*Asks:* 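Below is a structure I'd like to ask you about.
Quantities reported herein were computed from a predicted structural model and do not represent experimental measurements. Every number for a ligand or one of its atoms is a count from 1 in the order of the listing.
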Amino acid sequence: MLAEIADVGRDPVRGGYSRPVFSSGERTLVDWFTDAATRRGLDLTVDRNGIVWAWWNPAGAPLQDAVVTGSHLDSVPGGGAFDGPLGVASALRAVDVLQARGVQPARPLAVAVFPEEEGSRYGVACLGSRLLSGVLEPERALALTDADGVTYAQSLTAAGLDPAAIGRDDETLGRIGTFVELHVEQGRGLIDLDAPVAVGAAILGHGRWRISITGQGNHAGTTLMADRRDPLLVAAEVVVAVRRIAGRHPGARATVGRIQPVPGGTNVIASRVDLWLDARHVDDLVTAAVVAEITAAAQGAAAIEGCAVEVRQESLSPTVDLDPQLGARMARTLGGAPVLDTGAGHDAGVLAARVPSAMLFVRNPTGISHSPEETVEDVDADRGALALADVLADLLADGAPAERP
Ligand code: GLV
Ligand code: MN
Ligand code: MN
């Protein structure tokens, strides 16, 4: 199935795939999903927040207490082939397996595709699930802009969605009895365990901050070194401080993966530099301490160079424990699959606040993700999809939905 979409959204410059939300690449994948789900006899709906749902409800029962699986089809810039699409393709494959087994679900089953999971276009990760569950105010989402100044409201309209309708959707949330997201593992956990599939446990707390440093734009040839107020110099010191400060806090991860000098010319001293900090730790207080120390380091470096600094939080997600009972049940269903934490964010982590949520991870033999080197072997992809089918079959056979958080 993934071979069918292997050429969609390839990035000839960065390598790998660039499939930002509402780009032609991501929309082509959504169409691919819609066609594939329709061919399986599933009923397609798109909710107010642009989440695409494919329903299988042979009993014709009301759409509630559904077992929901799925993932996302957007990518980071220059990302791998599996982050997101593996969960969607595995969900469809699991439906095939259940249909071939003659399963008649006692509860509805749905496959969901969430928009802007990566936050690579609009800066806030898991935008669709945040809006659905009400953790993000619609006004804030609508005003977000991409690198070209296109607002989220404009993107929604272009995709045929109504910006005025987005926001917390209790009716849709009320339909979800259980959510299980399958995902490529994004680290070395399963390599070290020598196992193909694991059940997810905790998702590391994480946030994003925009650090804007303002100096004096000027001419590269005529401005003497002593006369400069160069924000790029401060940005360089911030990048080094991020590594140093995170290294002082065991378990912390802090990254500057994006930096943008304005106006960005070879013979121009920048007038402003924006850089984005991604910081994570299992203890949300440590994340806050790391960011406070980085902010202080940025202010110190800016003062020496005669620049100004502004630090703005763009998103924050606390550490989440996925549903432990559901996880234990899944591990039993899978004959004692290992249980793993993850440092990556997921829609399952956002939904966990409102519905019992769980994850399955599939081995990634490179241990690399958010990069073209991310990979999954066919045999493991198959094991993952079969594990998902077994988990879904177990949940579907159970008339009693799990207790909501
Ligand atoms: C999403 O993959 C994230 O963890 O940033
Ligand atoms: Mn993902
Ligand atoms: Mn990702």
*Asks:* Does the side chain of Leu193 come within less than 4.5 Å of Leu340's, by heavy atoms?
*Replies:* yes

*Asks:* Any ring pair (Phe, Tyr, Trp, His ring centres under 6.0 Å) pairs touching residues 248-270, not counting sequence neighbours?
*Replies:* none

*Asks:* When you look at CD of Gln325, are more than 12 heavy atoms from neighbouring residues, nucleotides or ligands closer to it than 6.0 Å?
*Replies:* no

*Asks:* Taking the basic N atoms (NZ, or NE/NH1/NH2) and the acidic carboxylate oxygens, is any pair closer than 4.0 Å for Asp96 and Arg40?
*Replies:* yes

*Asks:* Could you identify the N, O or S atom of His72 positioned closest to the Mn ion (ligand 2)?
*Replies:* NE2

*Asks:* Please work out whether the ring planes of Phe361 and His346 are parallel, tilted or perpendicular, with thresholds of 30° and 60°.
*Replies:* tilted

*Asks:* Which residue in the set Asp47, Thr45, Asp43 passes side chain to side chain donor-acceptor pair (under 3.5 Å) when paired with Trp53?
*Replies:* Asp47

*Asks:* Could you list each nitrogen or oxygen of ligand 1 that sits under 3.5 Å from a protein nitrogen or oxygen, with the atom names and the distance?
*Replies:*
residue	atom	partner	partner atom	Å
ligand 1	2 (O)	Glu118	OE1	3.2
ligand 1	2 (O)	His370	NE2	3.1
ligand 1	4 (O)	Arg280	NH1	2.8
ligand 1	4 (O)	Arg280	NH2	3.3
ligand 1	4 (O)	Gly345	N	2.6
ligand 1	5 (O)	Arg280	NH2	2.8

*Asks:* Are any of the side-chain nitrogens in Arg363 or Asp194 under 4.0 Å away from the carboxylate oxygens of its partner?
*Replies:* yes

*Asks:* What verdict does the salt bridge (Lys or Arg N to Asp or Glu O under 4.0 Å) test give for Asp382 and Arg93, after you've listed the backbone C-alpha separation in whole Å, the side-chain angles of each residue and the deciding distance to 0.1 Å?
*Replies:* CA-CA 9 Å; Asp382 218 41; Arg93 169 94 173 98; 3.3 Å; yes

*Asks:* Give every protein N, O or S atom lying under 2.8 Å from the Mn ion (ligand 3), naming each by residue and atom.
*Replies:* Asp83 OD2, Glu118 OE1, Glu118 OE2, His370 NE2

*Asks:* How many angstroms lie between OG in Ser155 and CG in Leu142, if you round to the nearest 0.5 Å?
*Replies:* 11.0 Å

*Asks:* Closer than 4.0 angstrom, basic N to acidic O: yes or no for Arg329 and Asp394?
*Replies:* yes

*Asks:* What N/O/S atom of His183 is the closest to the Mn ion (ligand 2)?
*Replies:* NE2

*Asks:* Any ring pair (Phe, Tyr, Trp, His ring centres under 6.0 Å) involving residues 302-330? Give me the pairs, sequence neighbours left out, ordered by first then second residue.
*Replies:* none

*Asks:* If I take every N, O or S atom of His346, is at least one of them less than 2.8 Å from the Mn ion (ligand 2)?
*Replies:* no

